[in-house]
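Quick notes on the structure that follows.
Throughout, a chain's letter reflects where its sequence line sits, starting with A, and its residues are numbered from 1.
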Amino acid sequence: GENVEQHPSTLSVQEGDSAVIKCTYSDSASNYFPWYKQELGKRPQLIIDIRSNVGEKKDQRIAVTLNKTAKHFSLHITETQPEDSAVYFCAASIPQAGTALIFGKGTTLSVSS
Amino acid sequence: GAVVSQHPSRVICKSGTSVKIECRSLDFQATTMFWYRQFPKQSLMLMATSNEGSKATYEQGVEKDKFLINHASLTLSTLTVTSAHPEDSSFYICSAMPGTGHNSPLHFGNGTRLTVT
């Protein structure tokens with residue numbers, strides 16, 4: 001089955017700096033890679049996703065890149081703000097096959113002002 | 001947008017009792033729903049895949065007789081924690097995918113925090 005590795009487990013940055021979180025996956029059939037932001041005690045919220053037919057996707061300060069050959073994808077947050085502080089999870093799945101999302105272990109991002 | 005409702009949000013029960021958690025897709029039909037468990041400061045671990053009209057598929061290490069899943073309709077899946085013990089205390093969260101899932105992201109319920117005393 002799918003295995004998703006995520007690094008780093010914790011990340012501390014200054015406000016305005018960029019933050020990068022990296023994930024690798026094991027199943028080459030996976031073709032859907034979302035990123036979720038989870039605040040304490042709340043459900044994960046989808047912030048951006050990418051499918052295997054594209055290499056990069058951007059939404060304002062957030063971008064995701066995908067390298068299918070190397071089986072890794074990354075989340076990039078630019079101009080970080082204190083409200084970006086949360087736990088971020090990457091995940092992988094094969095929606096067409098009805099497979100569940102398999103999550104990475106999460107990255108706790110702390111943005112200090 | 002697609003909404004997944006989960007109930008209850010919090011439940012405290014005594015050891016040995018059973019607890020039922022409901023997951024409903026409010027504005028779409030979901031042939032497949034997924035149940036996850038999350039311990040404090042840890043990731044979401046897939047427990048089982050709930051399929052409407054058929055038996056759930058459990059992940060390795062998850063006791064199917066302890067965590068009973070029923071997906072009786074296209075909008076409702078239930079997870080029953082039977083004979084609960086303190087180690088079952090956790091955050092349980094369901095998710096569902098609208099349509100066939102080809103271009104639909106997964107939507108999560110708000111989760112249920114179970115405390116077994």
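- A search for ring-ring contact (aromatic ring centres under 6.0 Å, His included) contacts involving A:Phe33 returns A:Tyr25, A:Phe73, not counting sequence neighbours.
- Within 6.0 Å of atom CD in A:Glu15, more than 12 heavy atoms from other residues, nucleotides or ligands are found, so the atom counts as buried in its surroundings.
- Residues of residues 99-113 of chain A lying within less than 4.5 angstrom of chain B, judged on heavy atoms, are A:Thr99, A:Ala100, A:Leu101, A:Ile102, A:Phe103, A:Gly104, A:Lys105 in numerical order.
- B:Ile21 is connected to B:Val11 through a chain of hydrophobic side-chain contacts under 4.5 Å among Ile, Leu, Val, Met, Phe, Trp and Tyr, so both are in one cluster.
- When heavy atoms are compared at a cutoff of 4.5 Å, B:Phe91 approaches chain A solely by way of its side chain, counted from C-beta outward.
- Hydrophobic cluster membership differs between B:Leu74 and B:Phe34, with clusters built from Ile, Leu, Val, Met, Phe, Trp and Tyr side chains linked at under 4.5 angstrom.
- Contacts of A:Gln38 with chain B are made by side-chain atoms alone, with heavy-atom separations under 4.5 Å and no backbone atom involved.
- With a threshold of 4.5 angstrom between heavy atoms, B:Gln38 approaches chain A through side-chain atoms but not through N, CA, C or O.
- Note on A:Val54: it clusters hydrophobically with A:Ile62, by side-chain heavy-atom contacts below 4.5 Å among ILVMFWY residues.
- Counting heavy-atom neighbours within 6.0 Å of B:Lys41 NZ, excluding the residue itself, gives a total of 12 or less.
- For B:Leu44, the parts lying under 4.5 angstrom from a heavy atom of chain A are both the backbone and the side chain.
- Nearest heavy-atom pair, A:Arg43 versus B:Val4, reported as atom, atom and distance to 0.1 Å: NH1-O, 3.8 Å.
- Annotation for A:Gln60: atom CD does not count as buried by contact number, only 12 or fewer foreign heavy atoms lying within 6.0 Å.
- With chain A as the partner, the residue from B:Gly109, B:Ser9, B:Ser95, B:Gly111 showing the most heavy-atom pairs under 4.5 Å is B:Gly109.
- Residues B:Leu106 and A:Tyr32 fail the side-chain proximity criterion, which asks for heavy atoms closer than 4.5 Å.
- Around the CD1 atom of B:Ile12, the shell of radius 6.0 Å holds no more than 12 heavy atoms that belong to other residues, nucleotides or ligands.
- Annotation: maximal heavy-atom pairing with chain B below 4.5 Å, among A:Pro44, A:Gly41, A:Pro34, A:Ser93, occurs at A:Pro44.
- One hydrophobic cluster, built from ILVMFWY side chains closer than 4.5 Å, holds both B:Val81 and B:Met47.
- Environment of NE2 in B:His7: sparse, with no more than 12 heavy atoms of neighbouring residues, nucleotides or ligands closer than 6.0 Å.
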